[in-house]
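Bear in mind the structure is a predicted one, so any value in this text is a computation, not a measurement. Just so we're on the same page: letters track the sequence lines, and every chain starts at 1.
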There are 2 protein chains.
Amino acid sequence: MSNTSTTKALPLIEPASDAAAPCCPPLTERPFTTEEAETAARMFKALGDPVRLRLFSAVASHEGGEACVCDISDVGVSQPTVSHHLKKLKEAGLLTSERRGTWVYYRVEPSVLAAMGRLLTIAPAVT
Amino acid sequence: MSNTSTTKALPLIEPASDAAAPCCPPLTERPFTTEEAETAARMFKALGDPVRLRLFSAVASHEGGEACVCDISDVGVSQPTVSHHLKKLKEAGLLTSERRGTWVYYRVEPSVLAAMGRLLTIAPAVT
DNA sequence: GCCCTGTTTCGATAGATGTCTATGTTGAAG
DNA sequence: CTTCAACATAGACATCTATCGAAACAGGGC
């Protein structure tokens, strides 16, 4: 509500009350519809490649939750391949990118991480 | 007596009982190694197909956490294809199967779900 | 024995995917 | 303006994947 923003006061983690739960209920809640399955599968598939997973982990674990390509591109494949995988992660909504001067920085979209985590919850403890 | 019946025979491939393989730390903790990435990517990849995701969700949300194939095979593909996808999910360690009489029942491996969920946690708050 | 429920196998095929090399594009620095 | 460095894009290629139909196989109930 009014947020009471007397001062900036950055919250620990943006509440994102619903900001990014556009996808689906927990997998255990009810059988997924075709649409839900396609949406969710796109995200899982993005993390279903070892190189992408390493890139994602490198960004996610980097200081400040962001990293420039030059910091993470040592994953054993050529530079264009790195670029290609980063693009895939971006298309899946898992990463965002921003150019600052010569370098391009990638950042994790935390709300999407949370949404995927919610998919995998055992039981929402609700009826 | 004969061969190995005196004791429990040797566990060629121990069912890994539970263990559930907490394969990896959270993605945000540190950059994944190649091995970790390959292990984790195998699980994500298994859920990266819409049909498999629907099958998995159907089992996971079914009463008792298990379902027979006849209950979930209405996903728009042929019956051998359903069988093929269920096999993939089993190979990924996400499902187990058991025959009871005429029907085969699939069940979710809850510990694996938990392990995947842990991968996606933002910050483990230490131990 | 016959039938039912699944599993497996066998091509076969259309499409997706990961990788590379080569070439652009963008911005900073001479 | 030229050149270099950091990434992105484009095209080519080989491999993998999902799917099908049909048919054989395996347990279990009758």
Whole-Å gap separating C1' (C/dC3) and CH2 (B/Trp103): 13 Å
Sugar-phosphate only, base, or nothing, as touched by A/Lys90 at under 4.0 Å among non-hydrogen atoms: nothing
Nearest-Å distance for atom pair CZ/P, residues B/Arg100 and C/dG6: 12 Å
DNA chain D: 5'-proximal contact among B/Pro80 and B/His85 (nearest heavy atom): B/His85
Heavy-atom side-chain proximity of A/Pro50 to B/Glu38 below 4.5 angstrom: yes
Distance below 4.0 Å between A/Thr102 side-chain N/O and C/dG27 OP1 or OP2: no
From CG (A/Leu89) to CG (A/Asp49), nearest 0.5 Å: 9.0 Å
Backbone of A/Val69 reached by a side-chain donor or acceptor of A/Ser73 within 3.5 Å: yes
Along DNA chain C (nearest heavy atom to each residue), the more 5'-positioned of A/Val77 and B/Tyr106: B/Tyr106
Nucleotide nearest A/Cys70 when distance is taken to its side chain, options D/dA18, D/dC7, C/dG6: D/dC7
Sugar-phosphate only, base, or nothing, as touched by A/Val82 at under 4.0 Å among non-hydrogen atoms: nothing
Below 4.0 Å: OP1/OP2 of D/dT19 and any side-chain N or O of B/Thr81: no
Value in whole Å for how far the C1' atom of C/dA16 lies from CG of A/Asp49: 13 Å
Protein-nucleotide distance (A/Glu98, atom CD; D/dA6, atom C1'), rounded to Å: 16 Å
Sugar-phosphate, base or nothing in reach of B/Tyr105, heavy atoms under 4.0 Å: nothing
Cation-pi check, A/Arg54 onto B/Phe32 ring (under 6.0 Å, within 45° of axis): no
Test item: side-chain donor near acceptor, A/Lys90 and A/Thr96, under 3.5 Å: no
Length of the line joining A/Leu86:CG and D/dT9:C1', which is rounded to integer Å: 14 Å
Proximal nucleotide (of D/dG21, D/dT17, D/dA18) relative to the B/Ser78 side chain: D/dG21
Interatomic distance, B/Arg99 CZ vs D/dA26 P [rounded to whole Å]: 12 Å
Atom-pair distance (NZ on A/Lys88; C1' on D/dC7), nearest Å: 18 Å
Short side-chain N/O contact to C/dA16 OP1/OP2 from A/Lys45, under 4.0 Å: no
Side-chain-base donor-acceptor pair under 3.5 Å for A/Gln79 and D/dA8: yes
Atom pair distance, as rounded to whole Å: NE2 in A/His84 and P in C/dA22: 19 Å
